[in-house]
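Note sheet for the following structure.
Numbers here are sequence positions counted from 1.
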Amino acid sequence: GNLMRTLLLLLAASPFWGTANAAIAYVASTSGYNPGPGWSVSAVSSAIDTTGATLVVLVTSDFARTGCNNTVSDSKNNSWTCAGVHYSPNSWSYLALWYSIPSSVGAGHTFTVNGQLDGFVVAAFSGTATSSVLDVYTGTGQNSGGSLQTGSLTPSNTNELVITAAGAYMSMNASSVDAPFSSNLAQNLALTANSSPAAIAYEIQTSATSRNPTWMFSGTTASTALIAAFKPAAASTCCTSTTSGNWHNPVTWGFSAGSC
């Protein structure tokens, strides 16, 4: 009767399965460095809990011209991709961007870099795409200067994760980065003489906004900086029912699919 039609009309106005995927979120970060002596020594990070992470970003800093020639691994046996390397014109500062879409995460997660390097920083995030996650990426380097911009980047989509990182030559540490990254400086690895430090910061955007952050350094020797945008997870699909019925006519049903 009329009561049944009323119930059906109310149900027809609402989605009946599926919810939107969670937004990107910061999970944890860590760093590691080459303790020496010599360059060709494994650098191992302290352990972090990466439970829930769908993306791990790792940036290496060195002056041995290695970059993507280093070997990156972790205690959960994930695979790693080197997106590229940026360096100063005099080749004194090299900065390489690595990332992993992890198949295994959790407590006690450590990271190792083998090769001729000095330091590296790591940051893990949840809510990112689980395939083809890297959207856009750029970077630059200079022989001298107390500050350096990464180069302009605009994400292709809303709700992306934007990462920026910096490295320098011979203990010229990154002292700061400008807003909005300044409030999310995840790691700033400051090292002593004859080492190349590194730092990493991030922004989780709600709209696709162009960024060209400036890193400040503690001295004026060679330095490098990069910026990259990573895609969010695709929104889940749900089904919404529609109806053309009313109080006096039979209810007819229809369905439409879209993002919840």
Side-chain angles (χ1 to χ4, degrees), residues 18-33 42-61 68 70-84 95-114 117 119-137 153 155-167 177 180-189 198-206 208 211 213 226-236:
T19 57
N21 286 15
I24 292 174
Y26 168 78
V27 175
S29 64
T30 187
S31 61
Y33 69 95
S42 294
V44 183
S45 75
S46 56
I48 56 174
D49 188 349
T50 55
T51 300
T54 54
L55 172 70
V56 184
V57 178
L58 184 151
V59 177
T60 63
S61 177
C68 290
N70 290 316
T71 301
V72 172
S73 61
D74 66 272
S75 60
K76 304 293 184 181
N77 298 314
N78 294 299
S79 60
W80 291 84
T81 299
C82 186
L95 199 66
L97 173 67
W98 296 74
Y99 67 92
S100 174
I101 300 173
S103 58
S104 178
V105 293
H109 202 161
T110 61
F111 305 86
T112 301
V113 181
N114 290 302
L117 87 153
F120 68 91
V121 288
V122 181
F125 301 87
S126 63
T128 54
T130 54
S131 64
S132 303
V133 65
L134 181 62
D135 179 17
V136 284
Y137 163 59
L153 175 148
S156 302
N157 310 286
T158 59
N159 304 319
E160 292 205 7
L161 167 69
V162 181
I163 292 287
T164 183
V177 63
F181 299 97
S182 54
S183 58
N184 293 312
L185 184 58
Q187 286 287 316
N188 191 358
L189 177 65
I200 188 168
Y202 69 93
E203 176 197 16
I204 300 170
Q205 295 195 340
T206 56
R211 296 295 185 211
L226 62 81
I227 185 171
F230 294 89
K231 301 171 189 175
S236 58

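- A donor-acceptor pair is defined here as one N or O able to donate and one able to accept, closer than 3.5 Å; no such pair exists between the side chain of K231 and the backbone of N157.
- Nearest heavy atom pair, residue G52 against residue S126, reads O-CB, 3.1 Å.
- The backbone N or O of T30 sits nowhere less than 3.5 Å from a side-chain atom of S45 that would complete a donor-acceptor pair.
- Within the 6.0 Å centre-distance limit, the rings of Y202 and F125 are counted as a close aromatic pair.
- In plain terms, the two heavy atoms of I227 and L153 that are nearest each other are O-CD1, 3.6 Å.
- Remark: side-chain polar atoms of Y99 are not paired, donor with acceptor, to backbone N or O of L134 under 3.5 angstrom.
- The side-chain heavy atoms of P180 and R211, taken from C-beta on, include a pair separated by under 4.5 Å.
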### Message
Is there a side-chain contact (heavy atoms from CB on, under 4.5 Å) between Y26 and N184? Walk through the geometry before answering.
### Response
CA-CA 9 Å; Y26 168 78; N184 293 312; over 6 Å; no

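- Side chain of T164 to backbone of L226: a donor-acceptor contact under 3.5 angstrom is found.
- Nearest heavy atoms, S61 versus A198: CB-CB, 3.8 Å.
- When all heavy atoms of P155 and V162 are compared, the pair lying nearest together is CG-CG2, 4.0 Å.
- Between F111 and F120, the ring centre distance reaches or exceeds 6.0 Å.
- The shortest distance between side-chain heavy atoms of K76 and P102 does not fall below 4.5 Å.
- In this structure, the side chain of N78 engages the main chain of S103 through a donor-acceptor pair within 3.5 Å.
- Side-chain contact, T130 with T54: no donor N or O sits under 3.5 Å from an acceptor N or O.
- Under a 3.5 Å cut-off, the side chain of D135 and the backbone N or O of S156 do form a donor-acceptor pair.
- Side-chain atoms of T112 do not come within 3.5 Å of backbone N or O of D74 as any donor-acceptor pair.
- At least one donor-acceptor pair closer than 3.5 Å links the side chain of S100 to the backbone N or O of S79.
- The shortest side-chain heavy-atom distance between I24 and N159 does not fall under the 4.5 Å cut-off.
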